Amino acid sequence: MIKAEHIAGLPEAPLDTSGSPGPAGPPGQPAAIVLRAVQKEFALRRGRTVQALDGVDLTVRAGEFVALLGPSGCGKSTVLRMVAGLDEPTSGEVLVEDRPPAALVRDHRLGVAFQDHALLPWATTFANIALPFRVAGRAVDRERVGALIDLVGLNGFADARPRQLSGGMRQRVAIARALVLDPEVLLLDEPFGALDAVTRRRMNFELARIWAERRITTLLVTHDVDEAVLLADRVVVLTGRPGRVRHIEEVALPRPRGRDITRDPGFHETVDRLTELLDESAE
Ligand code: ADP
Ligand code: MG
């Protein structure tokens, strides 16, 4: 099993994503998330069903950042909800660290930030980020919460309530909260979906920086191609519903990826190729 400290010890860790990871992720790293022949059907009224996913196979390796890209309604959130233990496949298998996701949820080893970040409106930034400690029945590690506030650049806003923060700041609170218990796996469902384009891009670079420091296994759902290419080691493109894996793109762009990455011709080539695939998926 991968322990958080293996991932946190970045300088020594044998994680080098500057090379091109193999089809199943960085070579030599164990699989952290595995979806095997996952099919998902939802029951509708009058005995009708809708098939959201069909035969999805996907492996995310420890320390890897994978983006899941696909047209609206193709089952991206369904994938993430199953990995988060909030739903189960109709057939097939979802494993996190070789166990059913529920086991990791019980141990508070999964960090989750979804689009509706669900901050407690009456609670301060500090209290919102500290919430997982309370949920887990643990004493709040004030130093840890302070370090996260620092990491996401919210110094000076520890005592602010969500309504006193901008949209981007609230997203950062949600991401800090997802990270506070040192999760082995980070799940992000369109975490920047509600932001304007400029703020969204800034948040992308912040997330890239945070991920570079911690290298937590991350699965990000997005429909923004630039965002996927900026952040991910691999981009998985799903077909329209029922979602199937249509294409897996290894993003060979160098890290760390800062703003100058958008001047890299490789960036635009990759974005163009994936945009075309996504457009075909949406048809
Ligand atoms: P995405 O996140 O890619 O936009 P979702 O995973 O949310 O797509 O949904 C995939 C499909 O499954 C959609 O057609 C959606 O309407 C359907 N769906 C999702 N959740 C449920 C549910 N709880 N009950 C019925 N249908 C659902
Ligand atoms: Mg969704």
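In this text, all values refer to a predicted model and were calculated from it rather than measured experimentally. Whatever order the structure lists them in is the order used to number ligands and atoms, beginning at 1.
Among the atoms of Ser77, an N, O or S atom falls under 2.8 Å from the Mg ion (ligand 2).
Note on Arg209 versus Glu213: salt bridge recorded, some NZ/NE/NH1/NH2 to OD/OE distance being below 4.0 Å. For the pair Asp189 and Arg81, the salt-bridge criterion is not met [side-chain N within less than 4.0 Å of a carboxylate O]. Salt bridge status for Glu249 with Arg273: present, with a side-chain N to carboxylate O gap under 4.0 Å. With salt bridges taken as basic N to acidic carboxylate O contacts below 4.0 Å, one links Asp87 and Lys40. Ion pairing between a basic and an acidic side chain is recognised when a charged N comes within 4.0 Å of a carboxylate O; Asp264 and Arg257 show no such pairing.
Of the candidates Pro71, Ala52, Gly73, Cys74, it is Gly73 that places a heavy atom closest to atom 4 (O) of ligand 1.
Among protein heavy atoms, atom 6 (O) of ligand 1 sits closest to Thr78 OG1, 2.5 Å. Counting protein heavy atoms only, atom 19 (C) of ligand 1 is closest to Phe42 CE1, 3.3 Å.
Distance remark: protein heavy atom not present below 4.0 angstrom from atom 16 (O) of ligand 1. For atom 10 (C) of ligand 1, a protein non-hydrogen atom is found at a distance below 4.0 Å.
The hydrophobic cluster containing Leu131 does not contain Ile129, counting ILVMFWY residues as joined when their side-chain heavy atoms lie under 4.5 angstrom apart, directly or transitively.
The contact set between ligand 1 and Ser72, taken as ligand atoms under 4.0 Å from a residue heavy atom, comprises 4 (O). With ligand atoms numbered from 1 in the order given, ligand 1 contributes 1 (P), 2 (O), 6 (O), 7 (O) to contacts under 4.0 Å with heavy atoms of Ser77. The contact set between ligand 1 and Arg241, taken as ligand atoms under 4.0 Å from a residue heavy atom, comprises 11 (C), 14 (O).
Residue Gly75 has at least one nitrogen or oxygen atom sitting less than 3.5 Å from a nitrogen or oxygen atom of ligand 1, judged on distance alone.
The environment of CD in Glu276 is sparse: at most 12 heavy-atom neighbours from other residues, nucleotides or ligands sit within 6.0 Å.
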